[in-house]
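See below for the structure under consideration.
Just so you know, ligand 1 is whichever comes first in the structure, and atom 1 is the first atom listed for that ligand. As the structure is a prediction and not an experimental result, all values here were calculated from the model. Note: hydrogens, waters and symmetry copies are ignored here, and every other heavy atom, side chains too, is used.
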Amino acid sequence: MTESMDTEQAEPTSGSAFLEERIRTLLQQMTLEEKIGQMAQVPSGGGHLPHHLREAIQRGQVGSVINEVDVATVNELQRTAVEESRLGIPLLVGRDVIHGFATVFPIPLGQAASWNPRLVELGARIAAHEAASRGVNWTFAPMIDISRDPRWGRIAESLGEDPFLTGSLGSAMVRGFQGEDLSAPGSIAACAKHFAGYGASESGKDYNTTNIPEGELRNVYLPPFQAAVDAGVASIMTSFSDLNGVPATANTLILQQILRDEWGFDGLVVSDWDSIHQLAVHGFTAGDRDSAFEAATAGVDMEMASQTYAHHLASLVHDGRMTIEHIDTMVSNILRTKFRLGLFDTPYTDPSMLPDIAAPEHLAAARHAAVESLVLLKNDVRVLPLSAESLASVAVIGPLADDPQEQLGTWIFDGDARHSVTALQAIRDMVGDRVTVHHARGVDTTRSHDRSGFDDAVRAAEQSDVVVMFLGEEAILSGEAHCRADIALPGNQEALIDALAATGKPLVLVLMTGRPLALERVVPKVHAVVCAWHPGSLGGPAIADVLFGVESPSGKLPVTFPRVTGQIPIYYSHKHGGKPGTPETFVHIDDIQARAPQLSVGNTSFHFDVHYSPLYPFGHGLSYTTFEYDSVRVDPPELAVSGTITVSAEVTNTGDRDGTEVAQLYVRDLVGNVTRPVKELKGFQRVFLAAYERRTVSFTLTPEDLSFFGRANTRIVEPGRFHVWIGGSSDTQTRAEFDLTD
Ligand code: NOJ
């Protein structure tokens with residue numbers, strides 16, 4: 001056998017070596033201008049291909065188009081790139097497909113309340129199929145920013161406050177969008193965003209600065225991104241925000257050292273919209289030329305919308321400030337993503353290969369997702385479930401009871417409200433002629449200050465056996481740049497509740513909202529509260545199923561509900577502090593004696609005017625049955641650094657109804673090299689239990705699960721004592737303990 005034959009046989013025809021070879025071959029043929037062209041993501045014409053865009057594509061000046069969902073136009077865009085540009089490189093076609101496409105699933109925060117990765121994965125899969133049938137091959141999701149500030153409107157788009165839950169569900173979304181084979185029809189590239197720390201925007205005001213110590217960044221904000229990278233996410237988007245004085249879009253620590261060097265990410269990093277140009281607005285650079293330099297050298301491969309790369313990178317190379325090797329690395333990341341998507345082999349979209357948009361099975365999945373996203377927060381006198389057999393009449397009140405658009409929530413560019421079924425419609429369908437439904441809006445919008453609708457609402461309540469109120473926030477009050485300084489119910493809704501409470505009828509509050517609301521004043525006035533978030537296309541039937549007991553609620557809060565806005569930030573995984581608030585030391589402002597001496601009250605950590613606990617803790621959620629936990633135990637009794645430990649508990653359905661419980665595993669590291677949170681979620685399982693069934697739930701923990709970034713910002717495993725809990729909420733008290741030994 002000759003040497004050359006040997007070489008020929010060894011040459012790969014698939015796999016990563018082959019892919020890298022194809023990238024190298026292509027790079028060798030590209031001019032500097034064509035390379036920089038690949039880095040440009042430009043807005044589409046929206047349903048047509050404008051002349052200037054066609055020419056730019058022909059000249060090889062466009063790598064990606066954003067916001068085109070007309071499939072004929074997308075195919076024409078691709079044809080222009082493939083057949084009319086010199087090297088025929090296909091385009092990435094990006095779109096914000098955040099919680100569904102035409103079929104809208106609950107907002108991500110609502111999906112997170114399901115604590116069900118399989119459901120979240122299916123939602124993303126369906127969204128990918130629908131988007132792909134329009135030619136979209138890249139979505140800007142999942143958004144996996146940890147947020148502990150519900151004033152921030154983008155919390156709606158997040159998966160909540162917890163790194164472990166967000167990491168699990170964010171990875172599920174990545175798997176759903178990308179499928180097992182990114183190049184298969186119906187798979188689209190996911191984009192984990194916003195890297196990093198965006199959820200910590202000061203005062204919950206969007207685009208605001210963030211200050212996050214590196215340890216906290218690594219322990220809290222980055223783990224979901226690492227989970228997404230481990231799940232194979234194709235791309236990452238940088239954040240608009242300033243992170244510790246270095247805007248995320250030019251932050252070498254996160255973009256180079258952590259993402260590339262420590263995690264080995266080899267996909268594509270895209271800026272956010274104009275965020276490279278904004279580096280100068282931040283006062284970080286003197287203008288676009290420096291902005292292009294800072295972002296490119298930090299590791300941003302593609303520029304969304306602004307044109308600083310197009311205008312300045314070539315001259316930065318000619319002037320010797322940037323090397324061609326660096327440019328090649330950036331382009332390789334873009335080409336790698338295009339190859340992985342199979343775009344060079346199949347650039348065109350044939351919608352007939354994919355299921356219809358809003359197919360019945362898509363809508364059924366959206367309904368199921370909405371059912372699992374509902375969280376029963378309160379049901380004191382068991383007013384729920386309602387019985388269509390024993391009720392004669394029900395009042396359905398509120399501006400969100402019958403609004404097909406508002407129930408879809410934020411980020412629904414392609415959502416089609418014609419597929420929506422509202423709660424009023426669904427309740428009418430469910431009860432038929434058996435129960436009279438009296439409907440009144442009460443207030444025109446959630447923000448209205450007008451009381452002219454109150455009388456109708458009160459009349460409807462007086463004529464009914466039970467009152468169900470659909471209140472909260474319209475979709476416009478949450479999402480990007482839609483932040484609030486006070487997260488109580490807006491407008492006159494509290495006054496409406498007062499007016500309805502005066503009727504003495506049982507009151508059920510169904511909250512439709514994009515964020516936790518501060519409801520301390522409201523909750524005592526109502527008998528039951530269901531948090532429905534913005535539940536999506538089939539939110540109405542899902543709500544009716546839960547209200548009337550066809551389904552038992554199983555959702556759990558992915559984020560803490562504060563009592564009042566002033567408690568923010570309030571989250572379960574806080575630090576203990578040296579003087580924590582206690583029941584013995586807490587004093588309410590109304591109970592302080594006149595002329596009390598300074599040291600007679602206070603002295604521990606609380607506000608005078610509100611209890612230090614939240615209204616509803618992370619993980620909280622009731623069912624129509626009840627669950628109890630006992631016998632938390634560990635086996636073996638100690639965890640060796642090279643070993644594993646099993647934590648188990650018995651969970652019993654103590655009611656006479658079947659139900660699903662989310663069993664949650666929490667740990668506390670009692671002494672740390674840096675102070676450790678009072679509880680950290682380390683596992684969860686959805687468990688179906690028949691009435692009165694008792695079952696063992698078990699979780700495995702490894703030392704790696706207990707590791708954290710310590711004082712030197714490196715990952716450490718520290719021997720010592722741990723508390724461990726298994727329960728149905730973060731306020732669980734059922735615990736055991738063990739030692740991690742050398
Ligand atoms: C700005 C948003 O911050 C980001 O999340 C989104 O994906 C892009 N715009 C594209 O629309």
Side-chain angles (χ1 to χ4, degrees), residues 39-46 63-69 91-101 107-109 124 127-128 131 134 136-147 152-159 166 170 173-174 177 188-201 204-210 221 224-225 228 233-243 247-249 251 267-279 281-282 295 300-307 337 409-415 475-476 478-483 514:
M39 300 173 190
Q41 181 177 54
V42 302
S44 80
S64 172
V65 168
I66 183 170
N67 291 340
E68 185 55 71
V69 290
L91 299 164
L92 289 169
V93 179
R95 180 70 160 174
D96 289 291
V97 182
I98 307 296
H99 54 112
F101 192 75
I107 55 168
L109 192 60
R134 296 285 184 81
V136 172
N137 54 37
W138 187 16
T139 178
F140 305 118
M143 196 268 233
I144 49 178
D145 294 310
I146 296 301
S147 182
W152 191 51
R154 297 204 84 167
I155 202 166
E157 194 188 344
S158 84
L159 297 166
T166 298
M173 275 194 189
V174 170
F177 286 127
I188 63 177
C191 183
K193 68 186 189 186
H194 306 82
F195 200 62
Y198 189 31
S201 293
K205 196 171 61 170
D206 210 3
Y207 316 129
N208 209 0
T209 195
T210 72
Y221 292 88
F225 286 93
V233 72
S235 65
I236 303 269
M237 185 188 295
T238 64
S239 166
F240 282 125
S241 44
D242 177 356
L243 173 64
T249 296
N251 195 306
L268 156 62
V269 174
V270 64
S271 76
D272 204 340
W273 190 284
D274 273 356
S275 72
I276 301 183
H277 164 72
Q278 288 163 11
L279 293 175
V281 186
H282 279 282
V300 181
D301 304 313
M302 182 175 276
E303 178 168 17
M304 184 188 288
S306 54
Q307 300 259 298
T337 307
T410 188
W411 277 125
I412 40 111
F413 288 166
D414 305 290
I476 195 68
S478 57
E480 184 176 349
H482 299 175
C483 305

* Can you pull out the closest protein heavy atom to atom 1 (C) of ligand 1? Residue, atom name and distance to 0.1 Å, please. =>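 Protein heavy atom with the smallest distance to atom 1 (C) of ligand 1: Asp272 OD1, 2.9 Å.
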Can you tell me how far apart [atom1] ([X]) and [atom2] ([Y]) are? Round to the nearest 0.5 Å.
X	Y	atom1	atom2	result
Asp272	Met304	CG	CE	5.5 Å
Leu243	Thr210	CG	OG1	4.5 Å
Glu157	Asp145	CD	CG	8.0 Å
His277	Gln307	NE2	CD	11.5 Å

Taking distance alone, with N or O pairs closer than 3.5 Å, would you say [X] contacts ligand 1?
X	value
Glu157	no
Trp273	no
Tyr198	no
Trp411	no

* To do: State whether a side-chain donor-acceptor pair under 3.5 Å links Trp138 with Ser235.
  =>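 Yes, a side-chain donor-acceptor pair sits under 3.5 Å.
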* Does any donor atom in the side chain of Asp206 or Tyr198 lie under 3.5 Å from an acceptor atom in the other side chain? -> yes
* Would you mind telling me if ligand 1 is within reach of the side chain of His194, the backbone, both or neither, using heavy atoms under 4.0 Å? =>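 It is the side chain that touches ligand 1; the backbone stays farther off.
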* With atom 10 (C) of ligand 1 as the reference point, say which of Asp274, Asp96, Asn67 has the nearest heavy atom. => Asp96
* Asked: Which ligand 1 atoms are under 4.0 Å away from a heavy-atom of Phe140?
  ->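 In order of number, 7 (O).
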